[in-house]
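Structure, as structure tokens:
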Amino acid sequence: MQSSSISRQTKLSLLKVFIENKSLRFGKSIHAQLIKAPTFDLIQTNHLINLYSKCGHPGVARKVFDSMPERNVVSGSALMAGYLHNGMPSQALHLIKEMSFEENFEHMNEYVFATALASCSEMRALEQGLQCHAYVLKSGLVFHSHVRNALLHMYFESLSMEDALRVYESVPGFDVFALNSMINGFVGSGRLSDAIDLVSGMSKEVELWDHVTYVAVLGLCAASKDLRLGWQIHDQILRRGIQFNVFVGSGIVDMYGKCGDIESARRAFVELSVKNVVSWTAVMAAFAQNGLFEEALKLFLEMGIYGVQPNEFTYAVLLNSCAGLSALKIGDAFNAHAEKSGYKAHMVVGNALINMYSKSGSIEDARNAFGDMRQRDIISWNSIITGYSHHGLGGEALEAFHDMLTKGEVPTYVTFVGVLLACGNLGLVDDGLYYLKIFMKDLGIQPGVEHYTCMVRLLCRAGQLDKAENFMTYTCTEWDIVAWRTLLSACQVHKYYNLGKRVAEHILQLYPDDVGTYILVSNMHAKANRWDEVVKIRKLMRGRDIKKEPGVSWIQVRGETHVFASEDKKHPFMSQIHDKVSELLSQIKLIGYVPNIDCVLHDIEDEQKEEYLGYHSEKLAIAFGLISTPSGAPIHVMKNLRMCDDCHTAVKLISLVTSRKVIIRDANRFHCFDSGLCSCDDYW
DNA sequence: GTAGGGTTAG
């Protein structure tokens with residue numbers, strides 16, 4: 001490029017284009033010409049600072065800045081923005097201090113403070129943010145909408161919605177940026193009804209809403225699972241002819257997914273004219289959130305066919321789908337995949353790995369995934385704490401909880417579910433009550449039915465069933481079937497037959513079709529030799545036409561899932577499997593196994609019942625695992641129902657005679673059988 | 001000439 005032939009104006013226009021397109025190479029050639037020029041040009045040099053800032057070279061921008069014989073406020077604010085957008089917000093704040101010392105600077109303007117406040121947000125530097133707030137109030141810069149919005153944002157980041165609200169209300173008039181920020185602020189801090197009030201208050205200005213407003217409002221519908229509002233907004237977007245960009249499109253898919261309308265999510269996705277990794281991930285997430293994990297995994301293959309590359313969120317969705325399926329081996333494969341493509345270091349992926357390994361029964365791998373993380377957030381801690389608890393490792397869970405407090409992390413609603421479960425594993429009644437009544441209260445967390453159910457379980461485990469019943473009577477909450485079944489199951493374990501009978505009657509009044517309750521109460525009466533009661537229950541079941549949901553277990557061997565149902569004869573290796581079961585049963589009988597025929601609910605002769613027990617699906621799956629994996633390898637089995645007492649006893653002994661770890665995920669929890677013991681301590 | 005709000009995870 002010939003320097004002399006290009007006018008100053010042309011150079012400026014070219015620079016603007018190069019900055020916009022981030023064409024560093026061409027921009028540099030203009031820089032070369034400016035260096036050769038006989039006179040210094042402030043505006044052109046400011047453009048250069050902007051060029052290097054936007055192209056990811058704040059260091060070079062700084063060199064240009066330092067070499068200037070004369071600077072103004074634009075030079076400074078351009079460099080500040082460079083620092084901010086290249087991950088150096090503290091340098092931006094450092095620079096504003098330097099600028100305020102230099103006398104030849106004009107007064108600070110709104111650009112400088114918008115950037116300074118944004119830097120404070122990024123650093124969560126509330127102290128310095130407050131100083132900026134004071135200055136912009138005094139100088140009147142707060143009336144500039146960019147400044148005001150940066151202020152709003154700063155208060156969101158420091159979780160101070162009240163201050164944000166004051167800033168928002170201090171300036172009259174409609175500003176779509178401020179509205180969008182406020183909606184997202186309310187949704188982000190869980191104040192959904194405030195968000196809804198704000199949005200309905202702004203419905204008259206609907207013609208001023210833009211894309212971002214719709215994305216924010218769709219997020220509100222998703223967070224509040226308000227499908228009706230979602231429909232209205234979707235309809236309004238269509239009627240107003242809002243162009244579908246990829247943000248709005250993904251927002252619609254996500255909204256339908258989170259509201260549980262998977263068909264609409266799928267349709268909205270198919271109709272998108274432009275799809276990117278975000279829209280693909282959104283629709284995969286929609287499937288996964290609604291329990292359609294295999295569909296989500298299938299979509300990943302389809303996405304690959306279209307040449308779309310996954311990102312960290314895609315891996316998180318995939319891993320969570322594996323968690324839903326307890327697909328340990330596939331999860332392992334995605335772990336390797338994420339590592340190779342460089343996404344493993346992302347926190348969302350680390351969190352999803354903890355979740356996947358923990359839900360697939362491999363708590364050791366979950367522990368390692370947690371240990372490998374460079375950065376952790378509350379989700380990471382909650383995942384590992386609840387993971388330990390579900391695996392019966394109460395001590396580890398409480399240790400992690402205390403670690404977390406030491407690191408300054410603030411526990412949440414979910415944290416305390418894990419903590420109370422851990423107290424349950426360890427039988428720590430007083431600790432549990434302390435966490436529920438004092439710790440949670442101090443943090444302002446209102447306990448929910450999950451916490452109360454943990455308390456019931458804890459009291460039951462400690463054998464204080466009367467207290468548990470009292471607790472349920474006098475605690476004001478919407479008790480669900482899980483809680484009632486917890487109490488009933490304890491009545492069986494602790495032989496509280498009268499209470500058990502009362503509880504069962506109560507449950508069956510509320511849930512007359514709950515098979516689990518029939519099984520539990522019938523087992524309980526059998527244990528007490530109350531055969532008249534057992535017969536009554538069977539009659540009741542027959543009268544109400546209640547059929548036991550068939551027990552199904554499955555196991556993954558070399559990437560394939562093998563499904564077993566009771567009395568299943570379809571598997572190609574069934575005769576070997578039955579031989580193996582018989583072999584195992586005679587082995588464990590030698591060390592004291594007595595078949596527990598009360599676990600068979602069918603109306604058959606007692607002699608047949610023992611044979612029947614051998615066909616329970618988890619026994620078949622374990623036998624298949626034993627004959628098809630190398631000796632010493634742990635066996636992972638999933639089951640759709642709660643494990644029965646007989647299988648539980650048998651598997652403990654099987655783990656002893658075969659020297660194998662057997663990990664079973666049943667409908668309630670994990671059982672890790674090792675050397676004749678189970679991690680649930682026979683309480684589930 | 002410099003500045004502000006957005007989609008996918010748990």
Side-chain angles (χ1 to χ4, degrees), chain A residues 12 15-16 19 41-51 53-54 61 72-82 84-85 92 109-119 121 141 144-154 156 175-185 210-219 222 245-255 257-258 272 276-286 288-289 310-321 323 346-356 377-383 386 412 414:
Chain A
L12 276 176
L15 260 174
K16 269 194 230 173
I19 290 167
D41 188 317
L42 179 61
I43 293 180
Q44 288 195 32
T45 313
N46 283 346
H47 270 104
L48 281 179
I49 294 176
N50 193 23
L51 170 78
S53 294
K54 292 263 162 69
N72 66 3
V73 70
V74 178
S75 334
S77 64
L79 181 55
M80 279 178 70
L84 171 63
H85 294 133
N109 67 6
E110 63 273 24
Y111 287 83
V112 173
F113 275 95
T115 312
L117 281 162
S119 306
S121 303
L141 290 175
H144 287 275
S145 62
H146 285 78
V147 172
R148 187 164 63 120
N149 217 17
L151 253 181
L152 285 178
H153 218 69
M154 185 203 69
F156 295 147
D175 175 354
V176 74
F177 273 82
L179 173 66
N180 299 343
S181 293
M182 286 302 290
I183 300 171
N184 286 319
D210 67 3
H211 284 99
V212 183
T213 320
Y214 283 106
V215 173
V217 177
L218 286 166
N245 68 12
V246 81
F247 288 98
V248 177
S250 306
I252 291 172
V253 172
D254 179 54
M255 180 275 291
K258 295 231 166 79
L272 290 181
N276 67 359
V277 61
V278 178
S279 10
W280 277 97
T281 308
V283 74
M284 285 165 58
Q289 281 151 2
N311 68 10
E312 67 271 32
F313 289 100
T314 323
Y315 284 112
V317 173
L318 291 169
L319 288 165
N320 288 324
S321 303
H346 285 84
M347 203 149 54
V348 283
V349 178
N351 290 346
L353 278 171
I354 301 172
N355 183 38
M356 184 276 290
D377 65 359
I378 185 65
I379 306 294
S380 331
W381 289 100
N382 287 351
S383 306
T386 49
T412 62
V414 177

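Lettering of chains follows the sequences in order, A, B, ..., and the numbering in each one begins at 1.
- Rounded to whole angstrom, the span from the CG atom of A:Leu353 across to the P atom of B:dA9 amounts to 17 Å.
- The ring pair (Phe, Tyr, Trp, His ring centres under 6.0 Å) test applied to A:Trp381 returns A:Phe370, not counting sequence neighbours.
- With sequence neighbours excluded, the residues satisfying ring pair (Phe, Tyr, Trp, His ring centres under 6.0 Å) with A:Tyr214 are A:Trp209.
- For A:His211, the ring pair (Phe, Tyr, Trp, His ring centres under 6.0 Å) test picks out no residue, with sequence neighbours left out.
- Within the 4.0 angstrom heavy-atom criterion, no nucleotide atom of any strand lies near A:Ala352.
- Taking the side-chain contact (heavy atoms from CB on, under 4.5 Å) definition, one finds that A:Val215 meets it with A:Phe247, A:Val248, sequence neighbours left out.
- In this structure, NE2 of A:His346 is placed 16 Å from P of B:dT8, rounded to the nearest angstrom.
- Remark: A:Val246 engages A:Ser250, A:Asn276, A:Ser279 in a side-chain contact (heavy atoms from CB on, under 4.5 Å) (not counting sequence neighbours).
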What is the per-nucleotide protein-contact pattern of nucleotides 2-7 of chain B, from the 5' end, where B denotes a base atom under 4.0 Å from a protein heavy atom, S denotes such proximity for sugar-phosphate atoms only, and - denotes neither? BBBBBB
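- Proximity of a side-chain donor or acceptor of A:Asn109 to a complementary backbone N or O of A:Val112 within less than 3.5 Å is detected.
- In this structure, A:Gln289 does not reach the B:dT8 phosphate: none of its side-chain N or O atoms is under 4.0 Å from OP1 or OP2.
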